[in-house]
Structure formats: C-alpha cells, structure tokens
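By convention here, the first residue in the shown sequence is residue 1. The structure displayed is predicted, hence computed values, not measured ones. We count ligands from 1, going down the list as the structure has it; atoms in each ligand are counted the same way.
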Amino acid sequence: MNQAWLPDYIYTDGRFRSGLAIVADPSGKIVELSENVSNATRLTGRAMLPGLVNAHSHAFQRIIRGRTEYRSQNATDSFWTWREQMYAAATRLSPEDIYAVSRLAFLEMALSGITAVGEFHYLHHSPDGSPYSDPNLLAHEVIRAANDVGIRIALLRVAYARAGYQVEPNPRQVRFIEDSPETYLAHMDQLIATIDTKDGMAWAGVAPHSVRAVPLDYLKTIIAFANERQLPVHMHVAEQPAEVAACIQEYGRSPVALLDTEGLLSDRFTAVHAIHVTPKAVATLARSGAGVCACPTTERNLGDGVVPADLYFKSQVPVSLGTDSQTQIDLLEDARQLEYHLRLQKIERNVLASDDDTGPSALAAKLFECATVNGAKAIGFNGGKLEPGAPADFFTVDLNDLSIAGASPDDLLASIVFSLSKTAIRDVVVNGKQLNLK
Ligand SMILES: [Zn+2]
C-alpha cells in the first residue's frame, strides 16, 4: 500500500510549498506530490526537506572526538600530528569496536537529518596487519552499522599501498595496506558480490586514498576498473600543502594536473578537500566534470585551509559536503561554514551568492544543494530531492523550534541553512520507513 505524509511545507523544486502531500509506493519510491490525498499522515507544524547526503565520512574517527584538542609533545600541532593520534586509535579497534563506533556515528548522522553516507573505508586488516579470513569483514561491519540505524551507505573501499613517495613504511598503517592492485581488486570484487543491495540501502565505490598513498600504475588500474563498472571514485586531493609538494617532487605535476594528464578524472570522480589548488586546477576539474567534496568542520579543526568554493561555484564544479573526522556531525553546519570561511578570509558577506540570485533564500538554496543533490550524485544515487522517482528519504523540522521560529516561507530555507539547531529535527524517513531513533 502507498503511504502519504502532509506537512505544513515541503521543499521541492527549489522552494517551500504548502498544501502538498508526498506519496511513496511500497518499494520506498516517491510516486507523486499532490494536493488531493485523503489518507495522508498529517505532520502539523513541520516542514519537510530531502534527506541530507554526507559524501565523506570516516565513521571510526568518532572515537577520538574531544581527545586531540590539546597540545601534543610537538612545538606546533598540525594535521600530521593529529594523524598520529588518530592512528593510535585506529590500530587498536576490534571488529566489534568498529561496529559500535560506526553505529554511534551513523545514529548521530540520522538524528541530524542525514539519510545517506559515503563511507571512505580504509580499515581492512587485523591490528597486526594480517588479513582477516574475510578480507571485507570490517567493511561489512560498517555497512551493517549504517543499515541497522537505517541510513543508506556507499562503502567507498579505500586502496592504500604505501606511506608516501620515498617514505619508509609506517607500522601504524598496516591495517590499510593492500600492496598490489590485483589484491585490492580481488577484494573489491568480493565486496561487490557480497553486499546486500536490496532496496538500494548499500553499494560500493572505489577510493584510492591519495596520490601520496597510491602510486600511479596502481591508481590507473583501479580507476579503469571503476570506470568499466560505472562506480563512484573518491580520493583525497590537495588537503595539505606537503601532499602537493610531494606529488610535484615525484611526478613534476600537482595532484589535479597528474590526474588530468593521466586521464583519470570523470564525472564520477570526487576530489575530497581540493583546498590547495590553483585557478588552473579549478578549470581542469570543471572541464572534466569531476566534483569536489568539502568538509569545512573538519578542515577548520585540522587546520587544513579554506576550500575555494567561490572558484568552484563560478566554474560550476559541483561541491558536496562531508563530516569527515566527525568532530561535529551536522551537515548544515558544514554548509554554512563553506560560506563563512570565505567571509572571514575575504572580509565580505554572501560570497557564494551570484548576481542573478533572487529572494532571501537563494544563497541558502545553493548551499542546501551541496548538502543534498550534489552529495547524492557524488556517492552514486538518485537522491537528495523530493520528486517523483526519487527515494522517499526526508526529514522534518519543527517550525516552532526557537532556532527557526518566525520564519516566513520565503526565508525559511535561509533560516534552516544558517540557523537550524539539531533540536528542531523531528521525523527521519529513509526509503519510506520512519527511523526509530529515540
Ligand atoms: Zn577524509
């Protein structure tokens, strides 16, 4: 039987509309938005929005939240000193621990309106580096955690071959390493064959960790595999200046130039972070159709730098968003920080707005697109919007919550994107099923 919901407002086709019910079929797909539905569940005082899509997550990193915010023995702390602290946790977790911490992270995601996640998963082996008898044991634990909470997951299986160019092996990376593309692809094939894809709740993608961790021949082999199968490809690109310098030293080209000249970019490629790039690299990404995933709450926490989202927006490079290190899990905070970081840097307001924007929610609509449709495209599914044919994945907000009370339909989206507190979130529905999160 079909199900229907009737909130005060539905965000569809770029604006809030009232008097519309949304109808889903038993498979969880939206069949229509209509004014004439008699048996709809009434959601009084609530506005409905498409579920948020978190395009870049390392679920297990939730375990170090609050545990790296102090000066270590180093004179200067940085991304690299944080990484050693993160590895110290990563090397100790059992499969049960990984399930538990992932479930905690995914529960917090669901409670913040996230209905699908791209999990950049690189823990493959046991703590001493020996493979488990099932090489995808940990990947399946993470998938199970997401599906037990009730959100969708793209398991972006990471390839990791080395510590870096002319860098000695790091014993803290032994859980990640698959030293040949043949091994990686055999495990990837096995993962694809064993994921339960029923209802579209889980699927796989290919994730070379970075140009630092995956040498060029390996990279070409696994991206060719992804291209043959039309899988999403995600990769950390230009997160830190040292990574760019090492790439230039090894290949005589920046990471984006290397990927481009080797023919590795496509519209299924997502460059995660893409902070330390030149205007030429932005144009290259635009021409290739590739997207960028920004993770502002993590990038500000790690001291990575500011994503030049103004250049990406101007060049029409689609920008998605990720909670990455899980310092905070609030994708709308990432959306607003994408803009706010640029305000601080440029001493201007409304940097990501454009001249032809109309109405008080035009900038908010662009940021919301990053948190929804752009993320869905990045992780490889047709979601992030409320329209016939899309999955019935949505969340509602309480219009009387103090963080957004008093908004009019025209400025409601701007209120939500810039000011919503997570306390305002009420229903979370994935594939037509209400999640029981309390
Ligand atoms: Zn990451």
Side-chain angles (χ1 to χ4, degrees), residues 53-65 68 78-87 89-90 93 98 101-102 105-106 109 114 116-124 138-139 142 146 153-161 163-164 170 172-173 175-176 205-214 219 232-244 247 255-256 259 269-277 290-307 319-331 333-334 337-338 370 374-375 378-379:
V53 180
N54 182 4
H56 188 71
S57 155
H58 308 282
F60 82 87
Q61 291 180 11
R62 171 64 181 81
I63 204 129
I64 58 166
R65 183 182 289 178
T68 63
S78 68
F79 168 85
W80 304 102
T81 58
W82 168 86
R83 196 182 69 159
E84 287 304 313
Q85 295 173 305
M86 182 270 284
Y87 283 173
L93 300 173
I98 287 168
V101 67
S102 299
F106 295 142
M109 287 181 200
I114 291 168
V117 62
E119 176 66 19
F120 199 97
H121 175 77
Y122 57 82
L123 288 176
H124 301 314
L138 300 181
V142 174
I153 181 168
L155 197 290
L156 306 167
R157 194 181 190 285
V158 171
Y160 206 110
N170 180 338
R172 288 176 147 178
Q173 293 168 345
R175 299 191 81 173
F176 325 157
V206 167
H209 182 276
S210 54
V211 288
R212 170 183 61 73
V214 186
L219 192 57
V233 179
H234 284 223
M235 186 173 185
H236 293 126
V237 176
E239 179 174 8
Q240 283 281 328
E243 175 205 330
V244 178
C247 185
V256 172
L259 293 166
F269 189 100
T270 296
V272 180
H273 304 300
I275 295 168
H276 302 283
V277 294
V292 162
C293 180
C295 307
T297 54
T298 291
E299 288 150 0
R300 68 181 178 186
N301 183 273
L302 297 182
D304 284 338
V306 175
V307 174
V319 177
S320 54
L321 297 168
T323 63
D324 195 1
S325 69
Q326 328 297 0
T327 295
Q328 281 177 273
I329 294 178
D330 184 348
L331 210 64
E333 176 71 2
D334 284 288
Q337 292 306 330
L338 192 69
C370 298
N374 292 358
I379 67 169

For E243, enumerate each residue passing the side chain to side chain donor-acceptor pair (under 3.5 Å) test, keeping only those at least two apart in sequence or located in another chain.
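Expected list: none.
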
Within 2.8 Å of the Zn ion (ligand 1), is there any N, O or S atom belonging to H56?
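Yes, since at least one N, O or S atom of H56 sits under 2.8 Å from the Zn ion (ligand 1).
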
Using a distance threshold of 2.8 Å, state whether an N, O or S atom of H273 lies below it from the Zn ion (ligand 1).
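Short answer: no, not a single N, O or S atom is under the cut-off.
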
Quick one: report the N, O or S atom of D324 that is nearest to the Zn ion (ligand 1).
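That would be atom OD1.
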
Which residues satisfy the ring pair (Phe, Tyr, Trp, His ring centres under 6.0 Å) test with F60, sequence neighbours excluded?
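So F60 forms a ring pair (Phe, Tyr, Trp, His ring centres under 6.0 Å) with Y122.
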
Whether H124 and H121 hold their rings parallel, tilted or perpendicular, with breakpoints at 30° and 60°
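Perpendicular.
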
Would you please classify the geometry between the F176 ring and the Y160 ring as parallel, tilted or perpendicular, with 30° and 60° separating the classes?
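Y160 vs F176 ring planes: perpendicular.
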
